[in-house]
Novice: 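Quick one: this structure, given as structure tokens, is what I'll be asking you about.
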Amino acid sequence: MTRRFAYLAAAATALTTIAMTSPAIAQDAVEAPPLVEQINNGKWLDQAEAESLLDELFYQRAIHAYMTMLPALNVIGMRDGSEAEFGKGYNVLPIWKDRMDARAWVPTPNADVIYSMNYLDLKETGPLVIAAPPNVIGMFTDFFQRTITDVGAIGPDRARGGLYLLLPPGYDGEVPKGYFTFTSSTYNVLLFFRTIMGKGENGPDPVPAVANAEQTRIYPLYATEKDAKPMDFPNGSGKRINMMYPVDSTYWTKLKDFVDYEPVSAITPELRGVLASIGIIKGQPFKPTTKQQALLKKAVETAPRMIMALRQSGRPDGRNLYYKDRQYENVWAGSTAEWFQESYLDVNQRAGFFQVAYSSAPAMAMHTIDSGSKYPTALRDADGDFLNGSNGYKLHLPPNPPAKLFWAVTAYNVTDGTMVETPKLLPSINAFNKVKVNEDGSVDLYFGASKPTGAEDSNWIQTVPDRNFIATVRLYGTGVEFYDQTWKPDDLVKVK
């Protein structure tokens, strides 16, 4: 036995002797409490409690998954509704040629520009070329609605138009020169173009904007002219079409289809872990138990109400307010277009945005002069009360709105951002409308289920009685007067 082992053995014998001759010390050693307090007195949980906690955890994970994946389900709903009505294909570009109205169920659509929207599948087609016309206000986004690039004045073409090349995730082929080239993180891509109407004799004239949009061309990179499919521009106007995200348990089945279709790299490992915890794993069957189905149903019903609670309660830091003396809110709350605040990803603000809107782009969040767009949005009137369609309101716009292209005001439903639908169908007024203008150049607009006293029909936006609504002011080509706040829209004021 070495000297070291002999020493250890002697020490052990000495400790044993002390314990045997000092029973009090031995007893204290046995009864001493552990260093860390033991959950449930160091015993496993009652089985019923354990099962209840696991159910609660599953439900909480489903809520988290709903709120986090809403940007994707938002655009999936738009794609599915569009393709069911107009067909599928890179060459199918629906255009709302007579403007979009309340019959199109889309989150916060803009009736004051001409919309063109398509849903590209780079997994199916490979790299795609998009010839964008000049003077487009648009973007390409992946299916998490992360901007791939702006198109137009804020994009690389600088409103001159140009050839954009979109590459699928992981593309390792040759990349030719001569294109504005971008790689998407998802196979699915949203093409969203807006073209500006002209001022006609009796209001906005969509004809030049439609003609411009119809110059768009989309084709696979290596397609010859004879093999590329001819473009199809169906008219979306006047159609009852549902392009909203699912509001029932199909939310989860569509989410599972999306996870299976897209590359693993499109979703972060942590979020994939959240999805896996509710049974959504790429390439594996999604078979929730009867109990889990009930919890998923509860989550898809409760999560939207939680998001609404966030939106109506506002923020403790006040970053959602544009002004110190107005009710107008900034739906980005001062974050970047990717929802980053200074030190965190603003998941609550992002969920609130995608409940009622889509397409967050840098041009919407940046302080661009005479080229971007801003959307001050009112949930409340001058008294701080929520806007209600049973009331009458007046909105005063001071002279010379800082909008190089045009201004517009639109009423939306609070729950999902669809247009308020009334017999007028178009709850929007813009700078191209023949509205009554005050002597100083200011404009008074009115809201109400019936026309308020003294309002001109041209200046009246009809609302739905006993239903809350949102009023959004749009400023396209936003000027410096907006940023330094020398021009501000008045709050909505109750009138008879």
Side-chain angles (χ1 to χ4, degrees), residues 51 54-84 88-90 118-128 140-146 148 166-173 182-191 220-221 244-301 303 338 345 347 350-351 354 358:
E51 291 178 3
L54 290 176
D55 290 344
E56 178 63 23
L57 178 59
F58 184 94
Y59 172 67
Q60 290 185 17
R61 291 276 172 78
I63 292 286
H64 180 55
Y66 179 101
M67 294 180 68
T68 306
M69 298 301 294
L70 187 54
L73 270 294
N74 174 303
V75 72
I76 286 170
M78 291 169 57
R79 177 200 64 189
D80 292 351
S82 176
E83 292 181 350
K88 177 183 178 181
Y90 66 81
N118 193 0
Y119 310 88
L120 309 174
D121 187 345
L122 302 176
K123 189 175 189 178
E124 182 178 279
T125 64
L128 282 177
F140 302 110
T141 76
D142 70 9
F143 258 38
F144 281 103
Q145 302 201 52
R146 297 173 293 211
I148 299 170
L166 298 182
L167 304 177
Y171 181 76
D172 58 0
F182 298 91
T183 301
S184 175
S185 64
T186 58
Y187 293 119
N188 287 280
V189 172
L190 168 64
L191 178 160
L221 175 60
M244 293 301 299
Y245 48 83
V247 295
D248 55 19
S249 292
T250 58
Y251 191 99
W252 307 112
T253 54
K254 287 182 180 291
L255 174 55
K256 177 62 166 67
D257 291 342
F258 174 72
V259 169
D260 284 344
Y261 195 80
E262 295 294 344
V264 169
S265 59
I267 304 174
T268 64
E270 182 174 0
L271 182 51
R272 283 190 178 274
V274 172
L275 297 177
S277 71
I278 60 172
I280 297 178
I281 304 172
K282 182 178 174 67
Q284 296 187 21
F286 177 47
K287 295 182 178 179
T289 65
T290 301
K291 181 190 291 186
Q292 290 172 338
Q293 289 176 22
L295 292 170
L296 290 170
K297 181 176 183 294
K298 179 183 177 184
V300 84
E301 293 170 350
E338 298 80 19
L345 179 65
V347 293
R350 182 181 62 183
F354 287 109
Y358 70 96

Novice: What's the shortest heavy-atom distance between L122 and V189, and which atoms?
Specialist: CD1-CG2, 3.8 Å
Novice: Donor-acceptor pair, D142 side chain versus S185 backbone, under 3.5 Å?
Specialist: no
Novice: Any side-chain heavy atom of F286 within less than 4.5 Å of one from D260?
Specialist: no
Novice: Would you compute the distance between atom CG of D80 and atom CG of D257 and round it to the nearest 0.5 angstrom?
Specialist: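 D80 CG to D257 CG: 9.0 Å, rounded to 0.5 Å.
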Novice: Please find the pair of heavy atoms, one from P288 and one from Q293, that lie closest to each other, and give the distance.
Specialist: O-NE2, 3.2 Å
Novice: Excluding sequence neighbours, so at least two apart, what forms ring pair (Phe, Tyr, Trp, His ring centres under 6.0 Å) with F144?
Specialist: F258
Novice: CE/M244 to OH/Y358 distance, rounded to the nearest 0.5 angstrom?
Specialist: 11.0 Å
Novice: If you take all heavy atoms of T186 and A266, which pair is closest and at what distance?
Specialist: CG2-CB, 3.9 Å
Novice: To the nearest 0.5 Å, tell me how far R272 CZ sits from I280 CD1.
Specialist: 11.0 Å
Novice: For F143, enumerate each residue passing the ring pair (Phe, Tyr, Trp, His ring centres under 6.0 Å) test, keeping only those at least two apart in sequence or located in another chain.
Specialist: none
Novice: Just verifying a value: how many Å separate T253 OG1 and L296 CG, rounded to the nearest 0.5 Å?
Specialist: 10.5 Å
Novice: A quick test of your reading: do over 12 heavy atoms of other residues, nucleotides or ligands sit less than 6.0 Å from NZ of K256?
Specialist: yes
Novice: Quick one: pull up NZ in K298 and CD1 in I63 and give me the separation to the nearest 0.5 Å.
Specialist: 8.5 Å
Novice: Can you see which heavy atom on I278 is nearest to which on R61, and at what distance?
Specialist: CG2-CB, 3.8 Å
Novice: Are any side-chain N or O atoms of K254 and backbone N or O atoms of I76, one a donor and one an acceptor, separated by less than 3.5 Å?
Specialist: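 No; judged by distance alone, with no hydrogens or angles, the pair does not exist.
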Novice: Just verifying a value: how many Å separate I148 CD1 and T141 OG1, rounded to the nearest 0.5 Å?
Specialist: 6.5 Å
Novice: Between E262 and I267, is any pair of side-chain heavy atoms under 4.5 Å apart?
Specialist: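 No, their side chains stay 4.5 Å or more apart.
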Novice: For a side chain to side chain contact (heavy atoms under 4.5 Å, CB included) check, start with the C-alpha distance between L70 and Y251, then their side-chain angles and the critical distance, and finish with the verdict.
Specialist: CA-CA 9 Å; L70 187 54; Y251 191 99; 3.9 Å; yes
Novice: So P246 and L73, do their side chains get closer than 4.5 Å, heavy atoms only?
Specialist: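 Sidechains of P246 and L73: in contact.
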Novice: Please find the pair of heavy atoms, one from Y261 and one from E124, that lie closest to each other, and give the distance.
Specialist: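 Reported closest heavy-atom pair: OH-N, 4.3 Å.
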Novice: Indicate the ring-plane relationship of Y66 and W252, choosing parallel, tilted or perpendicular according to the 30° and 60° boundaries.
Specialist: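 Correct class here is perpendicular.
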Novice: Pair L190, Y119 - check side chain to side chain contact (heavy atoms under 4.5 Å, CB included), show working.
Specialist: CA-CA 5 Å; L190 168 64; Y119 310 88; 3.4 Å; yes
Novice: Sub-3.5 Å donor-acceptor pair from the side chain of K88 to the main-chain atoms of R79, do we have one?
Specialist: no
Novice: Run the side chain to side chain contact (heavy atoms under 4.5 Å, CB included) test on L255 and L275 for me, step by step, so that the C-alpha distance in whole Å, both residues' side-chain angles and the decisive distance to 0.1 Å come before the verdict.
Specialist: CA-CA 10 Å; L255 174 55; L275 297 177; 4.0 Å; yes
Novice: Could you report the tightest heavy-atom contact between P220 and T125, atom names first, then the distance?
Specialist: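 The answer is CB-O, 4.3 Å.
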Novice: Checking S184 against L166 for the side chain to side chain contact (heavy atoms under 4.5 Å, CB included) test, could you report, in this order, the C-alpha distance in whole Å, the side-chain angles of both residues, the deciding distance, and whether it holds?
Specialist: CA-CA 7 Å; S184 175; L166 298 182; 5.9 Å; no
Novice: With heavy-atom distances below 4.5 Å as the criterion, would you say the side chains of Y187 and D121 are in contact?
Specialist: yes
Novice: For the residue pair V347 and T68, establish whether any side-chain heavy-atom pair is separated by less than 4.5 Å.
Specialist: no
